[in-house]
Q: 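Here it is: the structure, laid out below.
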Amino acid sequence: MRVHVVGTGLIGTSLGLALTRHGDEVTLEDAVPTHAALARDLGAGRLPGEGETLDPQLVVVAAPPDVTAGCVATALERWPSAAVTDVASVKGAVLARLRAADADLGRYCGSHPMAGRERSGAVSGRHDLFDGRAWVLTPTAETRPQARELVADVARAAGAAVLELPPEGHDRAVAVVSHVPQLAASLVAARLETLDEDAVALAGQGLRDVTRIAASDPHLWTQILAGNAPAVREVLAGLAEDLDRLLEALAALADGGDAPGARGALAGVIAAGNLGQARIPGKHGAAPTSLETVRVLLPDEPGQLGRLFADIGAIGVNVEEFHLDHGLGQQLGLAEVEVLPAAAAGLAQALGERGWRIHG
Ligand SMILES: NC(=O)c1ccc[n+]([C@@H]2O[C@H](COP(=O)([O-])OP(=O)(O)OC[C@H]3O[C@@H](n4cnc5c(N)ncnc54)[C@H](O)[C@@H]3O)[C@@H](O)[C@H]2O)c1
């Protein structure tokens with residue numbers, strides 16, 4: 001396939017790397033020429049030659065959301081026989097601008113790879129970024145089947161699994177699964193800014209899990225949130241109601257009070273969270289899987305993690321998730337090895353027999 005990528009940051013470069021590995025012909029372009037040159041140097045494709053006329057089958061616009069519609073409209077005009085997609089995290093706003101510009105929507109099929117990182121730029125690109133991740137196509141009634149098929153082929157070639165949603169359905173879904181989680185992570189992490197050093201030092205895996213994406217780029221996220229303002233606002237309004245109920249319950253329990261219903265309200269919040277969390281799909285979009293954690297204490301020394309993984313491999317257990325925490329003020333690490341429930345007891349016993357200290 002001949003694919004032209006416009007915007008060679010994290011997503012454009014990752015796509016170029018994945019398609020080049022797949023054997024496709026990728027050309028690269030960016031408003032900042034050095035960004036495209038860097039993506040080329042990293043192996044994401046080639047730059048068009050001086051005066052070369054490109055003839056791509058598909059153009060992928062991977063530029064920031066605010067300029068995406070303009071880049072798509074330009075690409076539709078520049079390459080009258082190519083299909084065009086974009087990867088912006090919001091779909092309704094891009095489509096509305098294209099409609100207003102009277103663009104040829106038959107050759108356009110919007111899309112959104114549900115993969116990313118909290119870092120931007122070509123240097124953060126990874127060839128396996130899309131492996132096993134969903135790539136949502138948002139065709140409209142105007143989209144011709146050929147355009148839709150080309151975008152699906154490219155998404156699959158990059159390693160992703162293809163899903164389809166209408167643009168508005170996509171925007172409502174990502175408000176809940178991506179945009180509000182970003183805001184929640186940022187709001188929680190912002191509480192740490194003025195916290196005493198001693199208090200921050202108590203941070204454990206829970207805080208790291210909840211705030212990992214708070215390291216995201218404010219410029220990109222301002223565009224994403226503004227582009228999906230109605231759907232994000234609706235989810236946040238629901239959260240605000242829940243927060244109000246929580247505040248009422250906590251107020252009723254303050255000063256040792258025991259107002260009827262207040263403890264139930266607290267338990268209700270955690271229990272509802274349990275139910276929601278259990279619905280998050282497992283690896284590669286599979287059905288949700290409950291995992292069990294085997295905790296292993298390991299000396300904070302070179303080579304220990306390698307030895308632990310080698311032993312787990314020799315025992316024949318697949319690691320589903322892994323976290324490493326460091327004991328405060330101790331030369332010890334706490335490795336949390338998450339495995340399928342049926343494997344947990346056997347793994348803990350076999351690791352114990354090999355001399356590892358199993359915790360809890
Ligand atoms: N970062 C993520 O996790 C993620 C995930 C899925 C989708 N997306 C979407 O992918 C798109 C790109 O995001 P990113 O994280 O790769 O951003 P990025 O900042 O890493 O890269 C954006 C690139 O676009 C270039 N650019 C800016 N204006 C341009 C223009 N007018 N024409 C050509 N190139 C232009 C920039 O120079 C930069 O190299 C965004 O629309 C974003 O919503 C991002």
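Below, all heavy atoms of this structure are taken into account, side chains as well, without hydrogens, waters or symmetry copies. The residues of the chain are indexed from 1 along the displayed sequence.
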Q: Where the side chain of Thr68 meets the backbone of Ala63, is there a donor-acceptor pair that is under 3.5 Å apart?
A: yes
Q: Side-chain contact, heavy-atom cut-off 4.5 Å: Trp135 with Thr85?
A: no
Q: Under 3.5 Å, is there a donor-acceptor pair between the side chain of Arg97 and the main chain of Asp66?
A: yes
Q: For the pair Val154 and Leu15, evaluate side-chain contact (heavy atoms from CB on, under 4.5 Å) and give the outcome as yes or no after the intermediate values.
A: CA-CA 9 Å; Val154 161; Leu15 180 62; 4.2 Å; yes
Q: So Leu266 and Leu253, side-chain contact (heavy atoms from CB on, under 4.5 Å) or not? Walk me through it.
A: CA-CA 10 Å; Leu266 300 187; Leu253 289 168; 3.6 Å; yes
Q: State whether the side chain of Asp171 and the backbone N or O of Asn228 hold a donor-acceptor pair below 3.5 Å, judged by distance alone.
A: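 Checked: no pair found.
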Q: Which pair of non-hydrogen atoms, one from Leu19 and one from Ala157, has the smallest distance, and what is that distance?
A: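 In terms of heavy atoms, the two residues are closest at CD2-CB, 3.8 Å.
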Q: Show the numbers, then the answer: is there a side-chain contact (heavy atoms from CB on, under 4.5 Å) between His112 and Met114?
A: CA-CA 6 Å; His112 180 201; Met114 300 304 297; 3.4 Å; yes
Q: Search all heavy atoms of Leu150 against all heavy atoms of Ala83 and return the closest pair with its distance.
A: CD1-CB, 3.8 Å
Q: Could you measure the distance from the CG atom of Leu183 to the CG atom of Leu225? Nearest 0.5 Å is fine.
A: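 So the gap between those two atoms works out to 5.0 Å.
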Q: Taking atom CZ as the centre, does Arg354 end up with more than 12 heavy-atom neighbours from other residues, nucleotides or ligands that are less than 6.0 angstrom away?
A: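 Buried by this count: over 12 neighbours within 6.0 Å.
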Q: Can you give me the closest heavy-atom contact between Gly116 and Leu129, atom names plus distance?
A: O-CD1, 4.0 Å
Q: Could you walk me through whether Glu336 and Glu321 satisfy the side-chain contact (heavy atoms from CB on, under 4.5 Å) test, starting with their C-alpha distance in whole Å, then the side-chain angles of each, then the deciding distance to 0.1 Å, before giving a yes or no?
A: CA-CA 8 Å; Glu336 298 189 326; Glu321 298 280 353; over 6 Å; no
Q: Measure from the side-chain N and O atoms of Thr143 to the backbone N and O of Gly106, and report whether any donor-acceptor pair falls under 3.5 Å.
A: no
Q: NE2 of His4 to CZ of Arg78: how many Å apart, nearest 0.5 Å?
A: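 So the gap between those two atoms works out to 5.0 Å.
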Q: Nearest 0.5 Å please: distance from the CG atom of Leu297 over to the CZ atom of Arg357.
A: 5.0 Å
Q: With a 4.5 Å cut-off on side-chain heavy-atom distances among I, L, V, M, F, W and Y, is there a chain of contacts connecting Val59 to Val3?
A: no
Q: Are more than 12 heavy atoms from other residues, nucleotides or ligands located less than 6.0 Å from atom CZ of Arg212?
A: no
Q: As an exercise, state the distance from NZ of Lys91 to OG1 of Thr140, rounded to the nearest 0.5 Å.
A: 12.0 Å
Q: Output yes when a side-chain donor or acceptor of Gln182 lies under 3.5 Å from a complementary backbone atom of Ile213, and no otherwise.
A: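 It does hold such a pair.
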Q: So, Asp217 side chain and His219 main chain: donor-acceptor pair closer than 3.5 Å or not?
A: yes
Q: Provide the closest heavy-atom pair for Ala93 versus Gly227 in the form atom of the first, atom of the second, distance.
A: CB-O, 3.7 Å
Q: Parallel, tilted or perpendicular for His179 and Trp221, by the 30°/60° rule?
A: perpendicular
Q: Trp79, Leu98: one ILVMFWY side-chain cluster at the under-4.5 Å cut-off?
A: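 Yes, Trp79 connects to Leu98 through the hydrophobic network.
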Q: State, yes or no, whether a side-chain contact exists between Arg307 and Leu298 at a heavy-atom distance under 4.5 Å.
A: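 No, too far: nothing below the 4.5 Å cut-off.
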Q: Taking the side chain as everything from C-beta on, heavy atoms only, tell me whether Val174 gets closer than 4.5 Å to Val90.
A: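 A side-chain contact under 4.5 Å is absent here.
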Q: Heavy atoms only: give me the nearest Ser81-Asp55 pair and the separation to one decimal.
A: OG-OD1, 4.3 Å
Q: Could you note down all residue pairs passing salt bridge (charged side-chain N to carboxylate O under 4.0 Å, His left out) where residues 30-54 supplies at least one of them, sequence neighbours left out?
A: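 Pairs touching residues 30-54 that pass the test: Glu25-Arg46, Arg46-Glu52.
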Q: Do Asp86 side-chain atoms and Val61 backbone N/O form a donor-acceptor pair below 3.5 Å?
A: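 Here the side-chain-to-backbone pair does not exist.
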Q: Tell me whether Glu301 at atom CD has more than 12 heavy atoms from other residues, nucleotides or ligands lying less than 6.0 Å away.
A: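 Buried by this count: over 12 neighbours within 6.0 Å.
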Q: So, are Glu142 and Arg99 salt-bridged, with charged N and O less than 4.0 Å apart?
A: yes
Q: What distance separates Leu291 CG from Leu340 CG, expressed to the nearest 0.5 Å?
A: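 Going from the CG atom of Leu291 to the CG atom of Leu340 covers 6.5 Å.
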Q: Check for a donor-acceptor pair, side chain of Ser111 on one end and backbone N or O of Val87 on the other, with a separation under 3.5 Å.
A: no
Q: Shared ILVMFWY cluster between Ile358 and Val337, side chains joined below 4.5 angstrom?
A: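 Yes.
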Q: Are Val94 and Tyr108 packed together at the side-chain level, in the sense that at least one heavy-atom pair is separated by less than 4.5 angstrom?
A: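 Contact flag for Val94/Tyr108 side chains = yes.
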Q: Between His35 and Thr8, is any side-chain donor less than 3.5 angstrom from a side-chain acceptor?
A: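 No pair is found: no donor N or O on one side chain lies under 3.5 Å from an acceptor on the other.
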Q: Is the backbone N or O of Leu334 less than 3.5 Å from a side-chain atom of Arg295, with the two atoms forming a donor-acceptor pair by type?
A: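 Judged by distance alone, no pair lies under 3.5 Å.
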Q: For residues Ile224 and Pro64, determine if any side-chain heavy atom of one lies less than 4.5 Å from a side-chain heavy atom of the other.
A: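 Not touching, per the 4.5 Å side-chain cut-off.
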Q: Taking all non-hydrogen atoms of both residues, which atom of Ala185 and which atom of Ala214 are closest, and how far apart?
A: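 Here Ala185 and Ala214 meet closest at O-CB, 3.7 Å.
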Q: Is there side-chain contact between Val5 and Val26, with heavy atoms separated by less than 4.5 Å?
A: yes
Q: For Trp356, which residues count as a ring-ring contact (aromatic ring centres under 6.0 Å, His included) partner, sequence neighbours excluded?
A: none
Q: So do the side chains of Asp153 and Leu58 get within less than 4.5 Å of each other, counting heavy atoms only?
A: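 No. Closest side-chain heavy atoms not under 4.5 Å.
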Q: Considering only heavy atoms from C-beta outward, does the side chain of Leu202 approach that of Leu207 to under 4.5 Å?
A: no
Q: Does Phe130 belong to the same Ile/Leu/Val/Met/Phe/Trp/Tyr cluster as Leu137, with side-chain heavy atoms less than 4.5 Å apart forming each link?
A: yes
Q: If I take atom CG from residue Asp311 and atom CG from residue Leu351, how far apart are they, to the nearest 0.5 angstrom?
A: 6.5 Å
Q: Counting heavy atoms not belonging to Arg119, are there more than 12 under 6.0 Å from its CZ?
A: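 At most 12 heavy atoms, drawn from other residues, nucleotides or ligands, come within 6.0 Å of this atom.
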Q: Check whether any side-chain N or O of Arg117 sits under 3.5 Å from a backbone N or O of Ser124 as a donor-acceptor pair, and report yes or no.
A: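 Side chain of Arg117 to backbone of Ser124, a donor-acceptor pair under 3.5 Å: yes, one is there.
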Q: Please answer: with hydrophobic residues joined when any side-chain heavy atoms are less than 4.5 Å apart, are Leu220 and Val67 in the same cluster?
A: no
Q: Identify, with sequence neighbours excluded, every residue that meets side-chain hydrogen bond (donor to acceptor under 3.5 Å, both in side chains) alongside Thr13.
A: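 None.
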Q: State whether the number of non-hydrogen atoms from other residues, nucleotides or ligands found under 6.0 Å of Gln205 atom CD is greater than 12.
A: yes
